[in-house]
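Notes for the one structure printed next.
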Number of protein chains: 4
Amino acid sequence: MLKLSRNERNDIVKRRLFKAAADIVGEMGYAEASVARITARAGVAQGTFYTHFPNRQDLLDRLLPELGQDMLAFIKARIDTGADARAQEEQRFRAFFDYLAEQPGFLRVLNEAEIFAPEGHRRHIDNIARNYVSLFRRGRAAGEIGDFTDAELEVVAHIFMGARGYLGQRYAGGGSGAPAHVMSAYSKLVGGLLFRAGGDKRRTT
Amino acid sequence: MLKLSRNERNDIVKRRLFKAAADIVGEMGYAEASVARITARAGVAQGTFYTHFPNRQDLLDRLLPELGQDMLAFIKARIDTGADARAQEEQRFRAFFDYLAEQPGFLRVLNEAEIFAPEGHRRHIDNIARNYVSLFRRGRAAGEIGDFTDAELEVVAHIFMGARGYLGQRYAGGGSGAPAHVMSAYSKLVGGLLFRAGGDKRRTT
Amino acid sequence: MLKLSRNERNDIVKRRLFKAAADIVGEMGYAEASVARITARAGVAQGTFYTHFPNRQDLLDRLLPELGQDMLAFIKARIDTGADARAQEEQRFRAFFDYLAEQPGFLRVLNEAEIFAPEGHRRHIDNIARNYVSLFRRGRAAGEIGDFTDAELEVVAHIFMGARGYLGQRYAGGGSGAPAHVMSAYSKLVGGLLFRAGGDKRRTT
Amino acid sequence: MLKLSRNERNDIVKRRLFKAAADIVGEMGYAEASVARITARAGVAQGTFYTHFPNRQDLLDRLLPELGQDMLAFIKARIDTGADARAQEEQRFRAFFDYLAEQPGFLRVLNEAEIFAPEGHRRHIDNIARNYVSLFRRGRAAGEIGDFTDAELEVVAHIFMGARGYLGQRYAGGGSGAPAHVMSAYSKLVGGLLFRAGGDKRRTT
DNA sequence: AATGAATGAGACTTCATTCAT
DNA sequence: CATGAATGAAGTCTCATTCAT
């Protein structure tokens with residue numbers, strides 16, 4: 001069937017615009033994502049943009065939350081739900097790098113969104129943090145996670161997000177997942193091995 | 001206080017331009033730091049800008065490395081060099097939040113630089129990472145830090161930077177240092193307590 | 001109530017578009033009367049506009065002449081045909097203000113039409129002027145109006161229209177007819193030389 | 001001296017922009033007075049506009065008050081201050097038509113300003129009305145004008161302005177002053193009751 | 001060295017009109 | 001007849017940079 005209904009056609013163009021914007025932001029950043037460039041890449045006239053989005057900012061604000069859902073789904077599909085909390089966090093971390101290998105632009109969208117699409121950024125960060133905290137609480141209930149208050153768990157979630165972000169930025173260039181030493185360091189640290197400080201309760205055990 | 005290179009020290013106008021730019025970026029972000037605004041705040045004509053800097057980007061790229069040195073000096077002055085590695089990292093983290101309370105614009109410069117002054121951002125990140133790694137190696141030599149290769153230490157450095165950045169972003173609003181639960185969570189995690197996974201060697205000890 | 005030509009009488013959509021346009025122009029002016037807004041208010045699609053009018057300007061040009069006929073009918077219904085010419089002009093002037101109180105948008109249409117619908121404006125002005133002149137000639141024949149040539153009567157008609165327009169603009173805001181001092185000033189001035197009505201002192205000469 | 005100081009150059013460009021705008025509005029109306037057209041006629045780049053005016057509307061708002069002052073000066077220079085009030089009003093009316101002959105665009109600026117530069121229009125109307133009223137009051141004090149309250153004098157001022165505007169619109173096309181029959185009709189009508197000049201028949205009563 | 005007016009490319013957005021459905 | 005997505009020209013304004021003074 002070559003002929004599409006008006007509704008289908010409409011959706012296709014909207015999706016093309018969205019995709020074009022995501023690609024451009026991933027490649028060149030929000031600042032280069034002008035309406036002219038987006039519509040050019042989508043193959044439509046500039047005016048067409050405004051039949052699908054009220055303005056440029058609106059599209060930019062939708063970008064990260066949408067891609068963030070993609071990422072979450074991608075990661076969730078790679079988790080062994082039978083594993084313990086620590087193993088799952090390692091799987092999540094590895095899956096994050098795998099996602100970056102598939103969607104090299106994601107990190108750029110993530111980082112720049114804070115500036116160019118603050119509304120969308122906040123929404124995304126909240127999504128991820130909530131997701132993390134709920135996982136942590138389940139782990140805590142299962143006795144797999146130490147003594148952390150709820151407020152502290154939120155802090156931990158932000159640490160993990162920060163680690164992801166900075167490590168992705170630094171080490172995801174290769175296009176083929178997390179390098180071995182990044183995995184090992186992350187695992188050791190997050191798993192609780194970095195310091196052998198005096199006050200560590202486990203040592204007294 | 002901005003420290004400019006030797007040649008610049010006596011150049012009052014140049015210093016004023018630099019200060020004006022730093023203030024503007026801290027308050028409103030790089031995007032608002034137009035040459036017109038910078039020169040207006042510095043109290044000189046627009047053309048004067050170009051007798052001191054080859055172009056706008058050049059000044060923007062110098063911003064973060066310069067401010068980063070300030071931050072490093074601030075933190076270093078607050079470290080008890082006699083303490084062990086873990087205690088020192090806690091001091092560094094606390095000092096970072098204290099610095100943010102004093103220089104609320106720093107985080108903005110840091111975050112936006114990645115986008116608007118990538119050259120300067122890379123320089124800054126390398127500075128901090130190098131600094132961290134050299135501290136870690138000293139700790140490792142003293143037996144205060146576990147089994148990490150040099151490459152892994154660099155990974156840890158990025159994790160710490162990421163944690164700082166994201167936690168600062170989320171919790172530094174108050175203007176009066178790190179909240180207690182942020183400190184405690186950071187301490188527990190970084191100190192090695194989050195997971196009680198089965199394979200943890202220390203548990204078998 | 002809009003009276004459309006015979007062909008249009010049964011065309012509900014066309015009438016709705018016309019009414020919508022008149023309302024919008026009255027409320028916000030011609031500049032805001034975009035096809036999008038007119039069709040939205042009429043509750044039809046944009047494209048539908050062009051099945052009823054060849055283009056936007058065509059509708060705009062019909063607006064004032066149509067509304068002008070309304071106004072004329074409104075005024076005519078309030079004239080005591082038995083009164084002398086001067087009294088009738090006072091009634092007309094008062095009725096004009098009453099019309100403005102009922103149709104506050106009319107003045108806006110009238111004033112802006114000169115710019116945005118010059119063709120329609122010319123037609124309207126000619127209508128009103130012709131109307132005036134024919135009244136004046138009847139008055140002159142009845143000896144109620146002084147020595148004016150036909151060409152001069154046209155001049156007087158324009159003066160009256162100008163007076164109406166400017167006074168309406170300045171004093172019709174209240175929404176309740178002509179203020180007393182406006183009526184009295186108009187009456188004194190206009191009554192001056194044009195009419196030789198009974199109360200005129202010169203007649204005693 | 002071919003070389004001008006910067007200040008002089010600056011003023012010249014600003015004046016050229018202003019003149020260009022006035023000419024364009026006079027010829028084609030405010031709607032056609034785009035920044036592109038104004039700067040093109042002034043022979044400068046579009047951006048130059050904004051070094052002299054904060055925005056397009058600002059220039060448009062200055063247009064009528066400025067031209068209105070010109071007109072007032074033009075008229076004042078043609079008044080015989082020794083003549084009585086009625087003769088002076090006739091001179092003013094004739095001078096107004098002479099001004100229109102010299103500045104054919106003025107009427108367009110005047111009429112359209114109400115819509116496109118309402119701020120400037122209000123200022124102009126107030127100027128003229130105040131001017132008229134002060135003349136009337138002097139005439140009333142000198143016994144040359146009949147029984148009108150202050151509020152009524154303002155009404156009369158608006159009638160005169162309206163008459164000027166509509167008559168100018170209708171009869172000023174020729175480019176050579178007021179046609180004889182326009183003058184005579186105006187004179188008869190306006191002379192009617194407002195003024196009690198020496199030749200007034202009623203005085204002999 | 002300092003000035004600041006001038007430049008012109010490029011950004012976002014609106015809108016009358018067309019045309020395939 | 002009705003629809004409404006698509007078009008593309010045109011509008012206002014910003015801004016880094018240059019250059020004559």
Side-chain angles (χ1 to χ4, degrees), chain A residues 3-14 17 31-39 42-59, chain B residues 11-14 31-40 43-60, chain C residues 11 13-14 31-40 43-60, chain D residues 3-14 31-39 42-57:
Chain A
K3 285 190 181 179
L4 303 170
S5 85
R6 262 216 290 233
N7 272 342
E8 291 168 317
R9 269 220 161 289
N10 189 12
D11 276 7
I12 285 178
V13 172
K14 186 167 191 164
L17 284 167
E32 299 301 313
S34 64
V35 173
R37 214 193 294 262
I38 293 170
T39 50
V44 298
Q46 278 200 54
T48 302
F49 184 94
Y50 293 90
T51 63
H52 295 279
F53 302 95
N55 52 52
R56 173 177 175 265
Q57 191 61 47
D58 183 84
L59 169 51
Chain B
D11 194 335
I12 291 177
V13 173
K14 187 163 193 168
E32 300 299 313
S34 63
V35 173
R37 212 193 294 260
I38 293 169
T39 50
V44 299
Q46 272 197 70
T48 302
F49 185 94
Y50 292 89
T51 64
H52 294 279
F53 300 96
N55 53 51
R56 176 176 174 263
Q57 192 60 49
D58 184 81
L59 168 52
L60 298 190
Chain C
D11 194 335
V13 173
K14 185 163 192 167
E32 300 299 314
S34 63
V35 173
R37 212 193 293 262
I38 293 170
T39 51
V44 299
Q46 273 197 69
T48 303
F49 185 94
Y50 292 89
T51 64
H52 294 277
F53 300 95
N55 52 50
R56 174 176 174 264
Q57 192 59 50
D58 184 82
L59 168 52
L60 298 189
Chain D
K3 286 189 181 181
L4 302 169
S5 85
R6 263 217 289 234
N7 271 342
E8 290 168 319
R9 268 221 161 289
N10 190 12
D11 276 6
I12 286 178
V13 172
K14 186 166 192 164
E32 300 301 313
S34 65
V35 173
R37 214 192 294 262
I38 293 169
T39 50
V44 298
Q46 280 200 53
T48 301
F49 184 92
Y50 294 91
T51 63
H52 295 279
F53 302 95
N55 52 54
R56 172 175 175 266
Q57 192 60 48

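Scope of the values below: all heavy atoms of this structure, side chains included, with no hydrogens, waters or symmetry mates. Residue numbers start from 1 in every chain, and the chains themselves are labelled A, B, ... in the order their sequence lines are given, proteins ahead of strands. It should be emphasised that the depicted structure is a prediction, and the values quoted were computed from it without experimental measurement.
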Worksheet entry | Which residue lies more 5' along DNA chain E, comparing Val44(B) with Pro54(C) via nearest heavy atoms | Val44(B)
Worksheet item: His52(D) side chain N/O closer than 4.0 Å to the phosphate oxygens (OP1, OP2) of dA6(E)?
Response: yes
Worksheet item: Has Thr51(B) got a side-chain N or O lying under 4.0 Å from the OP1 or OP2 atom of dA2(E)?
Response: yes
Figure out the [atom1]/[atom2] separation between [X] and [N], and round it to whole Å.
X	N	atom1	atom2	answer
Leu60(C)	dC15(E)	CG	C1'	13 Å
Tyr50(D)	dC13(F)	OH	P	4 Å
Leu17(A)	dA5(F)	CG	P	13 Å
Asn55(A)	dT12(F)	CG	P	21 Å
Asp11(B)	dA1(E)	CG	P	8 Å
Phe53(A)	dC12(E)	CZ	P	14 Å
Phe49(D)	dA5(E)	CZ	P	15 Å

Item to complete: Could you give me the stems involving DNA chain E, meaning stretches of three or more consecutive Watson-Crick or G-U wobble pairs whose two defining distances are both below 3.5 Å?
Response: E:2-21 with F:2-21
Fill in: Which residues share a side chain to side chain donor-acceptor pair (under 3.5 Å) with Glu32(B), sequence neighbours left out
Arg37(B)
Worksheet entry | Pairwise distance OG1(Thr39(D)) to OH(Tyr50(D)) - rounded to 0.5 angstrom | 9.0 Å
Item to complete: Go through the structure and list residues passing side chain to side chain contact (heavy atoms under 4.5 Å, CB included) with Ala45(C), not counting sequence neighbours.
Response: Thr48(C)
Worksheet item: Can you name the side chain to side chain contact (heavy atoms under 4.5 Å, CB included) partners of Ala36(C), sequence neighbours left out?
Response: Ser34(C), Gln46(C)
Review item, side-chain donor-acceptor pairs of residues 53-60 of chain C, under 3.5 Å, at least two apart:
residue	atom	partner	partner atom	Å
Asn55(C)	OD1	Gln57(C)	N	3.2
Asn55(C)	OD1	Asp58(C)	N	2.9
Arg56(C)	NE	Ala33(C)	O	3.0
Arg56(C)	NH2	Tyr30(C)	O	3.2
Arg56(C)	NH2	Ala33(C)	O	3.4
Gln57(C)	NE2	Phe116(C)	O	2.6
Asp58(C)	OD2	Arg62(C)	NE	2.6
Asp58(C)	OD2	Arg62(C)	NH2	2.9

Filtered N/O pairs between nucleotides 8-11 of chain E and protein, under 3.5 Å:
residue	atom	partner	partner atom	Å
dG8(E)	N7	Gly47(D)	N	3.4

